[in-house]
Amino acid sequence: MDFVPSDISARDENVSVDHSSAAPGIAMKKPSDDLFRLIKSLSPSEKRYFKVVRSQRDGNKTSAYHKLFDAIDGQRVYDEDALKAKYQGQKFVNNLPMAKKYLMESILRALSSYHVSRRNDIELQEKVQGAAILHDKGLADIRDKLMQSAKQNAMKNEDTIELLRILRFQGSFRHNNSDKDNENQIESMYDEQVRLIERLRLEVELARLQSLTHVRFMHVHYARAASDRALLREIISHPLMRDEKRFDTEKLRLTYHNILSRCHHILGEDEEAYFHAKQSIVAIEQLRGRGGITTMAYARLLHNFASRCAGAGQWQDHRQTVDKLRSLPDKDLRMRKFKFESLYSHQLAYNWAVGDVTRLMKILPRIDEDFAALQAVLTPYQYLMLFYNILVHLVALGEFERAFDYAERILAEEELLPDQSAYVRLILIIIHLELARFEIVDSAIRSLRRYLRKRERLFKMEEAVLRALARAGKLSDRREEIELYSQLRQELSAIADDPDEARILGYFDLLAWAESKIQGITIAELQKRQARPLSGEQRPVD
């Protein structure tokens, strides 16, 4: 199985209203939980900083806003009625939406102040501004030292835009000096600016290609339609993609390899995807060693590389990469949310590869516990793929009642990719058959066929399975069942000779499912019988 990299994404929320005075029978909008989600996203140090700033502003008194902050922070799920009951009679409760709005603005101002000293670009801007002041005061020698320090910092961080700004600033300082050496320095600086402008053009063009690749990935996880493959081939053959040597920074090389890794992955070219993902790790670790990359950006790339390792069967690299991801500090809530989905997903991938699907039942209580602790601050995109992989494992184990619950939970959300949504619906039909809910099957098949046709995703593999499922609910004995699934296995095997069709088996192994029905065993038992030793030390990744 394969996994979609996680991203932090925002949810649309309802506008806050005080519905206590609404007329009976009128539909009321749900109070906004924006402030709740913001407070829950703060790290412990950010919370302490806000409280210090707030205390200074309030003269060390415990203000209403301090109380409101603590009350919301203490809730596991946002409950506005509980807040009103707790602070009944206090002025801010009479206009709670405005109080929440003011508190949110206060938190954002504090966060802005808190993070200023931690951002390289702010530090660079301060140095450049300081150099301008020194220039006006005629302190050229101190000015030049400060500008050289700023330039070295920008070079370390490979900040092309800031380097250009520094060079243009330095050039303006030298206009009043007429000696020959100064003329040579001016020519040198302007030559360097031309080179940086060319680098910036490369950065912009690579960013465009990366965005196109990502959008295609979000639309189709596996390229099966000719139009999808054509676009990806066009990106791979782009002049910028022909030679890595033209890129003179690790950031450019990182973007270059990210693009190629994603394109090859969508095309099903696992070895090429793995190679470029590995080069991305080399580039980002160079940047990280110089302090030029955030821990979260590093975590995302480790997650992607682990997925590419799994696709290429590079399990030793997979284990080492997951260990690196696990070792990253997770005091920050954002990192804890990311690691929740990522680490469990990679563990499930490993368990599937070694034929130890039953291990899910040992870790599922822990997954449920961790999800309950984070649920209030997770967006659906941050857990849907994990839920999908749990769903596949439960079906493989024959745990159809529990699988049905997970399928319903997934389909209740709206952030699935079209292929993912289609395969949850397909798996749900299989679950209905296993639970003898035959009255649902025919309408579910018609609905899924319409869904696939509308999105031009009804390929040979899906058509063959839907035809078989339509017959499966009408079988009279075991002999007919074996005959049906034997025919299906033969048809699917022929279709899978086409690599573009076979890629969809990464969502759900239809061949293994057909074989398990023939043998009368679970997919998990079949996986256990067919599992092969993996290269490197074998151990669970948890």
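For the single chain, residues carry numbers from 1 onward in sequence order.
Salt bridge absent: E369 and R366 never bring a charged side-chain N and a carboxylate O closer than 4.0 Å. With respect to E203 and R208, no salt bridge is recorded, no charged nitrogen being found less than 4.0 Å from a carboxylate O. Taking a cutoff of 4.0 Å between a charged side-chain nitrogen and a carboxylate oxygen, R201 and E205 do not qualify as a salt bridge. The pair D330-K339 counts as a salt bridge, with a side-chain nitrogen and a carboxylate oxygen less than 4.0 angstrom apart. Between D73 and R37, no side-chain nitrogen of the basic residue sits less than 4.0 Å from a carboxylate oxygen of the acidic one, so the salt-bridge criterion is not met. Between E80 and K100, at least one side-chain N (NZ, or NE/NH1/NH2) sits under 4.0 Å from a carboxylate O, which counts as a salt bridge.
Ring orientation note: the planes of F247 and Y256 are tilted relative to one another, at an angle of 30° to 60°. Relative ring orientation between Y383 and F371 is described as perpendicular, the plane-to-plane angle rising above 60° on a 0-90° scale split at 30° and 60°.
In the model, H257 has no side-chain atom that pairs as donor or acceptor with a side-chain atom of Q279 under 3.5 Å.
Between the side chain of D33 and the main chain of F36, no donor-acceptor pair closer than 3.5 Å is present.
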Next item on the list: Walk me through it: do N157 and N153 pass the test side-chain contact (heavy atoms from CB on, under 4.5 Å)?
Entry: CA-CA 6 Å; N157 295 320; N153 198 5; 3.3 Å; yes
Next item on the list: Let me see the working for S43 and E46 under side-chain contact (heavy atoms from CB on, under 4.5 Å), right down to the final yes or no.
Entry: CA-CA 5 Å; S43 68; E46 288 172 333; 3.2 Å; yes
Note to self: Walk me through whether R195 and E192 qualify under salt bridge (Lys or Arg N to Asp or Glu O under 4.0 Å).
What the structure shows: CA-CA 5 Å; R195 182 180 63 80; E192 188 172 359; 3.7 Å; yes
Next item on the list: Begin with the C-alpha distance, continue with both residues' side-chain angles, and end with the deciding distance and a verdict on salt bridge (Lys or Arg N to Asp or Glu O under 4.0 Å) for R457 and D228.
Entry: CA-CA 12 Å; R457 307 300 292 167; D228 295 327; 3.6 Å; yes
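Here the two rings, on F338 and H303, have centers that are under 6.0 Å apart. A distance below 6.0 Å separates the ring centres of F340 and Y344.
By the 6.0 Å and 45° rule, R503 does not stack over the aromatic ring of Y222.
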